[in-house]
Trainee: 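Below you'll find the structure I mean.
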Amino acid sequence: MCMAKEGTKLIANNKKAYHDYFIDETYEAGIELAGTEVKSIRMGKCSIKESFIRIDKGEVFIQGMHISPYEKGNIFNKDPLRTRKLLMHKSEINKLMGKIKEKGLTLVPLQVYFKGSLVKVQVGLARGKKLYDKRADIAKKDQRREAEKEFKIRNLG
């Protein structure tokens with residue numbers, strides 16, 4: 001989860017996924033990109049807020065991932081919202097396919113980051129939260145914020 005490891009740089013984070021889902025497991029996947037897309041990602045122009053992952057014929061694809069066109073890319077620029085292939089081992093894909101079919105789980109992209117010179121996507125195996133789960137999370141956050149506020153006031157006074 002933490003991106004403090006050597007040679008990693010966080011590009012995009014999907015906070016909405018943590019709000020809408022319980023994340024059971026995480027996997028790391030490579031992503032198939034064109035040259036201008038990599039240059040655009042290096043400039044930090046990437047969003048995974050509305051994206052989702054699907055498995056089709058034994059291959060994993062990410063849809064709805066927005067990579068802004070590279071300014072100097074002219075004719076080489078690709079469609080910003082095109083479907084991109086994720087690169088994972090066959091055994092991992094088969095394991096994920098089995099889990100998705102049996103338990104009603106889904107795959108969501110959690111983070112996009114550089115690992116060395118490679119662009120990686122952190123994929124989460126997730127269960128949907130019910131409305132009362134979301135309310136409970138919000139209540140916990142509010143309690144923590146209040147406690148931090150009181151602690152700060154006590155220490156300053």
Side-chain angles (χ1 to χ4, degrees), residues 1-134 136-138 140-141 144:
M1 187 69 159
C2 183
M3 290 286 115
K5 292 179 233 142
E6 196 64 39
T8 58
K9 180 186 165 213
L10 185 64
I11 300 158
N13 199 359
N14 192 354
K15 291 179 184 169
K16 192 172 184 247
Y18 292 102
H19 182 264
D20 293 341
Y21 300 99
F22 292 112
I23 309 300
D24 292 343
E25 296 177 40
T26 59
Y27 297 90
E28 185 178 71
I31 185 167
E32 203 173 80
L33 295 170
T36 54
E37 289 176 324
V38 176
K39 288 178 181 182
S40 189
I41 285 176
R42 283 203 188 281
M43 292 166 56
K45 298 191 174 175
C46 172
S47 171
I48 55 172
K49 280 184 176 62
E50 299 297 317
S51 60
F52 61 96
I53 296 172
R54 66 178 175 79
I55 300 176
D56 188 32
K57 297 176 188 159
E59 293 181 322
V60 185
F61 296 96
I62 185 166
Q63 292 184 309
M65 178 180 178
H66 188 275
I67 298 176
S68 298
Y70 183 57
E71 285 99 44
K72 300 176 181 82
N74 57 41
I75 61 165
F76 299 108
N77 278 333
K78 303 281 189 212
D79 176 29
L81 288 170
R82 76 182 178 92
T83 301
R84 295 169 180 91
K85 186 176 175 182
L86 294 182
L87 309 169
M88 296 177 83
H89 291 285
K90 198 66 153 175
S91 58
E92 281 182 324
I93 295 171
N94 291 338
K95 184 177 166 187
L96 287 173
M97 280 175 33
K99 287 188 177 183
I100 289 170
K101 282 179 186 168
E102 77 180 44
K103 294 181 187 169
L105 298 170
T106 186
L107 291 173
V108 290
L110 301 174
Q111 295 177 334
V112 177
Y113 55 93
F114 276 105
K115 189 172 184 183
S117 63
L118 303 173
V119 179
K120 299 287 185 178
V121 177
Q122 187 178 44
V123 177
L125 189 62
R127 278 181 293 127
K129 283 186 181 178
K130 303 280 189 263
L131 185 61
Y132 57 84
D133 291 326
K134 292 179 190 177
D137 280 355
I138 291 168
K140 279 182 195 170
K141 272 186 200 164
R144 195 178 70 238

Trainee: With sequence neighbours left out, write down each residue that passes side chain to side chain donor-acceptor pair (under 3.5 Å) with Asp24, or none if nothing qualifies.
Mentor: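 For Asp24, the residues satisfying side chain to side chain donor-acceptor pair (under 3.5 Å) (neighbours in sequence not counted) are Arg127.
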
Trainee: I need the Leu105 CG to Leu125 CG distance, nearest 0.5 Å.
Mentor: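 Between Leu105 CG and Leu125 CG, I get 4.5 Å after rounding to 0.5 Å.
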
Trainee: Apply side chain to side chain donor-acceptor pair (under 3.5 Å) to Glu32 and list each qualifying residue two or more places apart in sequence or on a separate chain.
Mentor: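 Listed in chain order: nothing, the list is empty.
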
Trainee: How long is the gap from CD1 on Ile48 to CD on Gln111, to the nearest 0.5 Å?
Mentor: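 Spacing of CD1 (Ile48) from CD (Gln111) equals 7.5 Å.
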
Trainee: Between atom CE of Met65 and atom CD1 of Ile41, what is the distance when rounded to the nearest 0.5 Å?
Mentor: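 Met65 CE to Ile41 CD1: 4.5 Å, rounded to 0.5 Å.
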
Trainee: Identify, with sequence neighbours excluded, every residue that meets side chain to side chain contact (heavy atoms under 4.5 Å, CB included) alongside Ile23.
Mentor: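 Residues passing side chain to side chain contact (heavy atoms under 4.5 Å, CB included) with Ile23: Tyr18, Tyr21, Thr26, Val108, Leu110, Ala126.
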
Trainee: Report the residues that fulfil side chain to side chain contact (heavy atoms under 4.5 Å, CB included) with Arg42, sequence neighbours left out, ordered by chain and then residue number.
Mentor: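 Arg42 satisfies side chain to side chain contact (heavy atoms under 4.5 Å, CB included) with Val38, Phe114, Ser117 only.
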
Trainee: May I have all residue pairs that pass salt bridge (Lys or Arg N to Asp or Glu O under 4.0 Å) and include part of residues 53-64, sequence neighbours excluded?
Mentor: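 Matches after skipping sequence neighbours: Arg54-Asp56, Glu59-Lys85.
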
Trainee: With sequence neighbours left out, what residues match Lys49 under side chain to side chain donor-acceptor pair (under 3.5 Å)?
Mentor: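 Once residues adjacent in sequence are excluded, Lys49 has no partner under the side chain to side chain donor-acceptor pair (under 3.5 Å) criterion.
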
Trainee: Name every donor-acceptor pair, under 3.5 Å, that has one atom in a side chain of residues 87-98 and the other anywhere in the protein, sequence neighbours excluded.
Mentor:
unit_1	atom_1	unit_2	atom_2	d
Lys90	NZ	Gly58	O	3.4
Asn94	ND2	Lys90	O	3.4

Trainee: Compare every heavy atom of Ile53 with every heavy atom of Pro109, then report the nearest pair and how far apart it is.
Mentor: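 So the two residues come closest at N-CD1, 3.7 Å.
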
Trainee: What pairs with Glu50 under salt bridge (charged side-chain N to carboxylate O under 4.0 Å, His left out), at least two apart in sequence or on another chain?
Mentor: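 Salt bridge (charged side-chain N to carboxylate O under 4.0 Å, His left out) list for Glu50, sorted by chain: empty.
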
